[in-house]
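Reviewing the structure listed below.
These numbers come from a predicted model, not from an experiment. The figures here come from the full heavy-atom set of this structure, side chains too, leaving out hydrogens, waters and symmetry mates.
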Amino acid sequence: MRTGIRWLLRIVFLLVFLAACGTFIPRPLIAPVEASSAAAMRRVLLLSGPIHTDIAIPLEEETRAAFSFLDNPDFPLGHPNAEWLIVGWGGRAFYLETPTWAELKPLPVLRALTIDRSVLHVDLAGHITEPQPAVAAFDLSGDQLARLRKFISDSFVREAGVVVPIPDAGYGEIDRFFEAKGYFNALLGCNTWTAAALRSAGLRTGLWNPLPQSLRLSLGVYN
């Protein structure tokens, strides 16, 4: 019994140690040097929940052009009240079958703790109030934002050059799910994808950020 407890404590300590290292060891180790520009900066938002993060990209003309493959009557990128494109990546079973905590089921949790296919979730939003605890803002140059858009666009699975929607999947009237590249697991999940996306835009994150709290903290320290 005591041996089992000691091993459990060692595992917990190891996980805490790895999470701390993942937060406070920056990635990349050396801050990237961005060319100076007098062009206007664009604001990008990190939206955080208890276990998940999304990225909000301003719906300017370049964003609508880059994601024109999403535009249709059910997902109107050109809607006059739409100010943000919201994108998140996650495990297929948990993401699709758990729109609220009240609908939590054992099988999606099991898939999330092991390995699962991934999906991308997209939504549109109007005005997002700042500041608020669940929102962190970062200013990017036009080139940085273009790299972020490309990273996200490249995360969609395409068949014959066309993205693959998941039929009848969504939490509301507008949001949609699509097949995504990569596989999800508890160690390399939605927040590590978000971190990789932000690094593609020149931001620094922690070495390993499996939780929203870790990602927000490392972004605040290194940017």
Side-chain angles (χ1 to χ4, degrees), residues 44-57 59 63-64 66-77 79 82-126 128 134-136 148-198 200 208-216:
V44 169
L45 305 179
L46 174 69
L47 310 179
S48 303
I51 62 171
H52 178 78
T53 50
D54 290 310
I55 298 173
I57 304 174
L59 262 178
T63 298
R64 290 187 170 95
F67 294 95
S68 60
F69 56 84
L70 296 176
D71 193 26
N72 66 46
D74 295 326
F75 196 79
L77 283 177
H79 194 286
E83 297 183 21
W84 300 94
L85 174 65
I86 313 295
V87 185
W89 181 96
R92 183 185 182 94
F94 194 92
Y95 222 160
L96 293 179
E97 299 180 34
T98 317
T100 67
W101 286 110
E103 297 170 83
L104 188 65
K105 303 170 187 174
L107 183 57
V109 173
L110 179 61
R111 295 296 298 271
L113 293 175
T114 53
I115 191 168
D116 196 6
R117 294 165 58 191
S118 62
V119 296
L120 279 160
H121 181 239
V122 298
D123 202 355
L124 298 174
I128 297 177
V135 178
L148 177 59
R149 287 192 293 252
K150 184 179 186 304
F151 181 96
I152 294 172
S153 179
D154 288 346
S155 295
F156 286 85
V157 165
R158 286 175 168 81
E159 294 180 355
V162 179
V163 294
V164 184
I166 299 173
D168 303 319
Y171 299 155
E173 295 182 0
I174 293 181
D175 66 307
R176 304 176 70 191
F177 281 94
F178 292 83
E179 301 288 357
K181 295 178 182 177
Y183 285 87
F184 177 97
N185 63 65
L187 299 180
L188 298 173
C190 53
N191 302 302
T192 59
W193 178 88
T194 301
L198 296 175
S200 76
W208 177 56
N209 296 121
L211 297 173
Q213 298 81 2
S214 168
L215 178 56
R216 286 175 58 94

Quick check on the 6.0 Å ring-centre criterion: do Tyr171 and Phe177 meet it? yes

Starting from the C-alpha separation in whole Å, work towards a yes-or-no answer on salt bridge (charged side-chain N to carboxylate O under 4.0 Å, His left out) for Arg117 and Glu179.
-> CA-CA 9 Å; Arg117 294 165 58 191; Glu179 301 288 357; 3.4 Å; yes

What distance do [X] atom [atom1] and [Y] atom [atom2] have between them, rounded to the nearest 0.5 Å?
X      : Y      : atom1 : atom2 : value
Leu47  : Ile128 : CG    : CD1   : 5.0 Å
Thr194 : Leu198 : OG1   : CG    : 6.5 Å
Ser153 : Leu70  : OG    : CG    : 8.0 Å
Ile86  : Leu124 : CD1   : CG    : 8.0 Å

Can any side-chain N or O of [X] pair as donor or acceptor with the backbone N or O of [Y] at less than 3.5 Å?
X      : Y      : value
Asp175 : Val122 : no
Ser200 : Ala197 : yes
Ser118 : Gly91  : no
Asn209 : Asn191 : no

Is it the case that atom [atom1] in [X] sees more than 12 heavy atoms from other parts of the structure closer than 6.0 Å?
X      : atom1 : answer
Asp168 : CG    : no
Phe69  : CZ    : yes
Lys181 : NZ    : yes

Open item on the list: With side-chain contact (heavy atoms from CB on, under 4.5 Å) as the criterion, how do Leu77 and Leu59 come out once you've worked through the C-alpha distance, each side chain's angles and the decisive distance to 0.1 Å?
Closed with: CA-CA 8 Å; Leu77 283 177; Leu59 262 178; 3.9 Å; yes

Min side-chain heavy-atom separation [X]-[Y] under 4.5 Å:
X      : Y      : answer
Phe178 : Val119 : no
Ile55  : Val44  : yes
Val163 : Val157 : no
Ile166 : Arg92  : yes
Leu120 : Val87  : yes
Trp208 : Leu187 : yes

Notebook entry, point to check: Run the side-chain contact (heavy atoms from CB on, under 4.5 Å) check on Trp84 and Ile57 step by step: do they pass?
Noted result: CA-CA 5 Å; Trp84 300 94; Ile57 304 174; 5.6 Å; no

[X] to [Y] - nearest heavy-atom pair and separation:
X      : Y      : result
Pro212 : Gly49  : CG-O, 3.4 Å
Arg149 : Ala66  : CD-CB, 3.9 Å
Ile51  : Cys190 : O-SG, 3.7 Å
Ala134 : Arg216 : C-NH1, 3.7 Å
Asp54  : Gly88  : OD1-CA, 3.1 Å

Between Leu46 and Leu215, does the side-chain contact (heavy atoms from CB on, under 4.5 Å) criterion hold? Intermediate values first, please. CA-CA 10 Å; Leu46 174 69; Leu215 178 56; 4.3 Å; yes

Those residues at least two apart in sequence (or on a different chain) that pass side chain to side chain donor-acceptor pair (under 3.5 Å) with Arg64 are none

Of Phe94, Phe75, Tyr95, Trp89, the one forming a ring pair (Phe, Tyr, Trp, His ring centres under 6.0 Å) with His121 is Tyr95

Could you go step by step and tell me if Arg176 and Asn72 meet the side-chain contact (heavy atoms from CB on, under 4.5 Å) rule? CA-CA 11 Å; Arg176 304 176 70 191; Asn72 66 46; 2.5 Å; yes

Short side-chain donor-acceptor distance under 3.5 Å, Trp193 and Ser155: yes

